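Working notes for the structure below.
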There are 2 protein chains.
Amino acid sequence: MTYDPKYENKLRESGLRPTKQRIKICEVLFNSTETFHFTIKDLVKIIENQANIKVSLATVYNTVHAFNKKGYLKEIPINSSQSYYDTNISHHHHFFDEDENKLIDIDQNDVDEVMIKKTIPGKKIKSIEVIAKIVTDN
Amino acid sequence: MTYDPKYENKLRESGLRPTKQRIKICEVLFNSTETFHFTIKDLVKIIENQANIKVSLATVYNTVHAFNKKGYLKEIPINSSQSYYDTNISHHHHFFDEDENKLIDIDQNDVDEVMIKKTIPGKKIKSIEVIAKIVTDN
DNA sequence: TCAACAGATTAGAATGATTTTAATGTATGT
DNA sequence: ACATACATTAAAATCATTCTAATCTGTTGA
Ligand SMILES: [Mn+2]
Ligand SMILES: [Mn+2]
Ligand SMILES: [Zn+2]
Ligand SMILES: [Zn+2]
């Protein structure tokens with residue numbers, strides 16, 4: 001079976017074989033010119049709405065985790081009962097709207113680069129995330 | 001019944017009556033000169049080790065949530081199966097050691113103040129958190 | 001002082017996201 | 001086409017957190 005090589009590559013590089021379920025997930029995640037933020041529940045809902053095929057929760061979790069590990073998706077650190085993921089893997093930061101429970105991108109240019117003077121012996125920095133919580137102003 | 005007024009005040013200001021369970025929680029959280037990071041499970045374990053009294057999980061959750069809401073504790077945003085809290089409520093940031101699953105304080109002086117140029121109409125910034133994930137360097 | 005009651009405690013049940021299981025199905029190299 | 005490693009799935013398990021509802025206690029005002 002042969003699939004859109006763009007998706008097949010992403011899957012193989014993530015250590016996964018291309019299957020129709022995974023290709024469907026790729027179509028939802030990587031088709032659009034717009035990036036977006038989502039939870040697993042969001043993603044399942046989108047797939048259900050578009051799809052002629054059914055994808056089990058387990059497969060959605062497995063695939064998202066593999067993409068996150070490979071770096072094709074980013075998990076955004078918020079305290080929430082669910083994990084939030086981002087299809088925008090460029091270096092950028094976030095507002096988290098606590099009224100709407102929604103992430104909003106902050107372009108890298110809109111935040112001065114975060115410089116941390118402290119270091120921990122034997123450890124290296126893997127990522128730096130800035131989360132600014134926002135609420136209705138009144 | 002009368003209790004250490006330091007703890008009684010914190011409790012009343014958080015909208016809670018002083019009870020022996022809650023005072024015990026206060027002793028663990030606020031007695032030490034050192035601040036620390038903890039999960040609910042950590043806190044329950046510390047209480048069990050020190051205490052002559054038993055405190056139910058429900059009471060621990062309720063009390064921690066009230067202190068967090070009032071600002072006597074801070075919840076630290078990490079993606080983890082459990083919530084992390086901080087008894088250090090001064091403005092500061094964190095390393096998260098992914099090998100040890102441990103938070104490490106970064107003094108405010110060790111990070112340039114984060115300035116965000118972007119604004120969202122009708123919304124105000126409630127907090128800004130910087131999380132730097134660290135891993136063993138080799 | 002003390003009864004009345006609002007609020008607190010608790011064990012255990014419920015919830016809900018995530019992970020695991022194990023039976024069945026499929027992609028891939030030969 | 002075959003063998004095999006990997007994938008899919010429904011359902012169960014896990015586990016942090018929240019809820020419930022029965023019982024208890026701090027507080028207050030008569
Ligand atoms: Mn995860
Ligand atoms: Mn919480
Ligand atoms: Zn984003
Ligand atoms: Zn801290």
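Convention: sequence-line order gives letters A, B, ...; per-chain numbering from 1. Being a predicted model, the structure only gives us computed values, none of them experimental.
Under the 4.0 Å criterion applied to side-chain N and carboxylate O atoms, A:D105 and B:K118 are not assigned as salt-bridge partners.
Phosphate proximity of C:dT9 to B:T19: present, with a side-chain N or O under 4.0 Å from OP1 or OP2.
Listed by first then second residue, pairs satisfying salt bridge (charged side-chain N to carboxylate O under 4.0 Å, His left out) with a partner in residues 23-32 of chain B read B:K24-B:E27, not counting sequence neighbours.
Comparing D:dT18, C:dA8, C:dA17 by their nearest atom to the side chain of B:R17 picks out C:dA8. Among the nucleotides D:dA5, C:dA17, D:dA16, the one closest to any side-chain atom of A:Q82 is C:dA17. Which of C:dG7, D:dA10, D:dT18 sits closest to the side chain of A:S56 comes down to D:dA10. Candidate nucleotides D:dA16, D:dT27, D:dA7 were compared by shortest atom distance to the side chain of A:L16, and D:dA7 ranks first. Side-chain proximity of A:T59 to C:dT10, D:dT25, D:dT8: nearest is D:dT8.
One end of the helix from C:dT1-D:dA30 to C:dT30-D:dA1 points its axis 30° away from the other end's axis, with each axis taken from 5 pairs and the angle rounded to 10°.
Other cluster members for B:I106: A:F95, A:I104, A:I106, A:V111, A:V114, A:I116, A:I120, A:I125, A:I128, A:V130, A:I134, B:F95, B:I104, B:V111, B:V114, B:I116, B:I120, B:I125, B:I128, B:V130, B:I134, joined by side-chain heavy-atom distances under 4.5 Å among Ile, Leu, Val, Met, Phe, Trp and Tyr.
The distance from atom CZ of A:R22 to atom P of C:dT28 is 11 Å, rounded to the nearest whole Å. Atom pair B:I23:CD1 and C:dA8:P shows a separation of 13 Å (rounding to whole Å applied).
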Polar atoms only, N or O, under 3.5 Å: list the protein pairs with nucleotides 11-14 of chain D and their distances.
none

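Residues satisfying the ring pair (Phe, Tyr, Trp, His ring centres under 6.0 Å) criterion with A:F38, sequence neighbours excluded, are A:F36, A:Y85. For the ring pair (Phe, Tyr, Trp, His ring centres under 6.0 Å) test, residues two or more places apart in sequence or in another chain that qualify with A:H93 are A:H91.
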Criterion side chain to side chain contact (heavy atoms under 4.5 Å, CB included) on A:N31 and A:Y7, from CA distance to verdict = CA-CA 9 Å; A:N31 228 354; A:Y7 300 146; 2.8 Å; yes
